[in-house]
2 protein chains.
Amino acid sequence: MLRFMASVNAPDLKRADARRNRRRLLDAAIELVLEAGAEPSRDAVAKRAGVGIGTLYRHFPDREGLLRAVVLDVLDRTIEQGESACEESRSGGEALRRYAHVAIDTGLGVVSILRPLLDTPSWPDRQAAARQLLDRLIGAARSDGTIDADVTATDIALATIRFCRPLVIGLDPAAERATAHRQLDVYLDGLMSRPSGTP
Amino acid sequence: MLRFMASVNAPDLKRADARRNRRRLLDAAIELVLEAGAEPSRDAVAKRAGVGIGTLYRHFPDREGLLRAVVLDVLDRTIEQGESACEESRSGGEALRRYAHVAIDTGLGVVSILRPLLDTPSWPDRQAAARQLLDRLIGAARSDGTIDADVTATDIALATIRFCRPLVIGLDPAAERATAHRQLDVYLDGLMSRPSGTP
DNA sequence: ATGAAGCGGAGCATATCCCTCCGCTTTCGC
DNA sequence: GCGAAAGCGGAGGGATATGCTCCGCTTCAT
């Protein structure tokens, strides 16, 4: 039903190698943005993706194109996976917890890192959708009683940014992810077990 | 008593402007390392410090010199402030919490970011001292019963690395620090309120 | 006041980055 | 299989950033 909207971000490329390379480029860019906390060089993106520099320029002719595609990709995947994690959950608290873990895996943090660099008025819909999802989760967890009323969407958003950046750059990615998820769980435990009114 | 050892890291510079500039350079380098998660360019350090590039090269003639000085400076300040925070504390749990906050303010995270880049066998004493301090704090908090036996020094160390890196780079430093301390408190709440045996 | 120590930044060599172009390779409908 | 169309890779050249030196001017301590 929204098929054509999805195609804005992920055009229906005919050839398999083109689709594969596009995905590799996006993944590489996400990694590099999270590592550096800034816009990566194009050469670095192509190298990390394991494709030629020419391929990068064919897929994303201008600088902003790549970064916009990255943000859109991350938002889409977060919303999609977040929704389904949400559906599988039995309580508001569990749903919120699952969403946060999803956000780490999708690399949601790139959005806040990249937004200041992009003067684009192009994806209010996607941002709004992500925001609504989060608000819904917060509401559910609140009525569950698993989080206090003073826990805001911003708290969760800031935490996911923090936890989806790599800790020490040379580290094994698997160990990196495992640490992030473990630390996030502890953080969420902290949020969810606070006696009301703790400053 | 250990005055001469301290001078290895902070030589007794005669002139006030030299001392001031040295400190500015160290602070700038710490900021940049935490932001980028990597070795910063020398030009960037001098610019951030507000001094001429020549001044940087006079204080730190070679690349490693600056980075070593940064690590030593951070370790020294963490140990010193950590010790005194420790003395002011009434319980093991409080001491551990204070130490973690100190580590954020001193920028302890640079050590793990920089260590892979430095092939230096030069400050085992300082590292050992920091490690001992942390172990002592963990022990105290354990016998307090404020943390579980399965909470390790590594858990605390990794958390401090995570929380002392800036969240979004353009952000106001004061807001940045405030967020970091708030999030750290939540994380510590999580660590300290875990029912035994939670995976 | 004055000499010595320190400061700043111009400037050059080097490395990195941006982007184009075109011959070769892969894919897919037949 | 086969051929054409679509995609790929990376050399290369101009632009930019970085590493480091050098020396005339400024600031500090006495």
Side-chain angles (χ1 to χ4, degrees), chain A residues 7 9-33 35-70 73 113-114 117-119 169, chain B residues 7 9-33 35-70 73 113-114 117-120 169-170:
Chain A
S7 75
N9 184 31
D12 285 339
L13 298 169
K14 294 281 157 48
R15 285 176 53 162
D17 53 352
R19 284 193 299 273
R20 179 168 25 90
N21 283 333
R22 191 188 143 91
R23 181 100 295 274
R24 282 182 184 169
L25 285 165
L26 289 174
D27 288 341
I30 291 169
E31 277 183 28
L32 289 169
V33 168
E35 285 178 13
E39 181 178 0
S41 85
R42 328 265 289 193
D43 283 0
V45 173
K47 193 173 180 186
R48 175 75 62 102
V51 306
I53 185 68
T55 301
L56 188 155
Y57 278 90
R58 189 168 331 93
H59 282 282
F60 306 104
D62 57 69
R63 154 175 272 87
E64 284 225 347
L66 173 60
L67 301 181
R68 286 151 81 100
V70 163
D73 176 69
I113 293 173
L114 255 25
L117 304 175
L118 263 31
D119 54 0
I169 288 194
Chain B
S7 76
N9 184 30
D12 285 339
L13 298 169
K14 294 283 158 47
R15 285 177 53 164
D17 53 351
R19 283 193 300 274
R20 180 169 23 91
N21 283 334
R22 191 189 142 90
R23 181 99 294 274
R24 282 183 184 167
L25 285 165
L26 289 174
D27 288 340
I30 291 168
E31 279 183 28
L32 289 169
V33 168
E35 285 177 14
E39 182 178 2
S41 84
R42 330 265 290 193
D43 283 0
V45 173
K47 194 173 179 184
R48 175 74 62 102
V51 306
I53 185 68
T55 300
L56 188 156
Y57 278 90
R58 190 167 330 95
H59 283 282
F60 306 103
D62 58 70
R63 155 174 272 88
E64 284 226 347
L66 173 60
L67 301 182
R68 287 152 80 99
V70 162
D73 177 69
I113 294 173
L114 256 24
L117 303 175
L118 264 32
D119 54 0
T120 168
I169 289 197

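Per chain, numbering begins at 1; letters A, B, ... match sequence-line order.
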Self-check item: Comparing B:Y57 and B:D17 on DNA chain D - which has the more 5′ nearest nucleotide
Solution: B:Y57

Quiz item: Does A:N21 or B:S41 map to a spot on DNA chain D nearer the 5' end, using the closest nucleotide for each?
Solution: A:N21

Nearest-Å distance, [atom1] ([X]) to [atom2] ([N])?
X     : N      : atom1 : atom2 : value
B:H59 : C:dA5  : NE2   : P     : 14 Å
B:I53 : C:dG9  : CD1   : P     : 11 Å
A:D43 : C:dA15 : CG    : P     : 16 Å
B:L13 : C:dA5  : CG    : P     : 13 Å
A:R20 : C:dT27 : CZ    : P     : 6 Å
A:L56 : C:dC21 : CG    : C1'   : 16 Å

Exercise. Would you classify B:A44 as touching base, sugar-phosphate or nothing, given that sugar-phosphate means primed atoms plus P, OP1 and OP2, and contacts are heavy atoms under 4.0 Å?
Key: nothing

Quiz item: Which part of the nucleic acid does A:R58 contact within heavy-atom distance under 4.0 Å: base, sugar-phosphate only, or nothing?
Solution: base

Please give me the minimum heavy-atom distance between [X] and [Y], naming the atom from each residue.
X     : Y      : answer
B:A28 : B:V45  : CB-O, 3.7 Å
A:P40 : A:L32  : CB-CB, 3.7 Å
A:A69 : A:F60  : CB-CE2, 3.5 Å
B:G37 : A:I169 : O-CD1, 3.5 Å

Quiz item: With respect to the phosphate group of C:dT26, does any side-chain polar atom (N or O) of A:R15 fall under 4.0 Å of OP1 or OP2?
Solution: no

Self-check item: Candidate pair B:T55 and B:R58, rule side-chain contact (heavy atoms from CB on, under 4.5 Å), full reasoning
Solution: CA-CA 5 Å; B:T55 300; B:R58 190 167 330 95; 4.1 Å; yes

Quiz item: Does anyone know the first and last nucleotide of DNA chain D in reach of chain B, 5' to 3', at under 4.0 angstrom to a heavy atom?
Solution: D:dT18 to D:dA29

Quiz item: Thinking salt bridges, do B:D27 and B:R48 make one under a 4.0 Å N-O criterion?
Solution: no

Quiz item: So, A:R19 side chain and A:L13 main chain: donor-acceptor pair closer than 3.5 Å or not?
Solution: yes

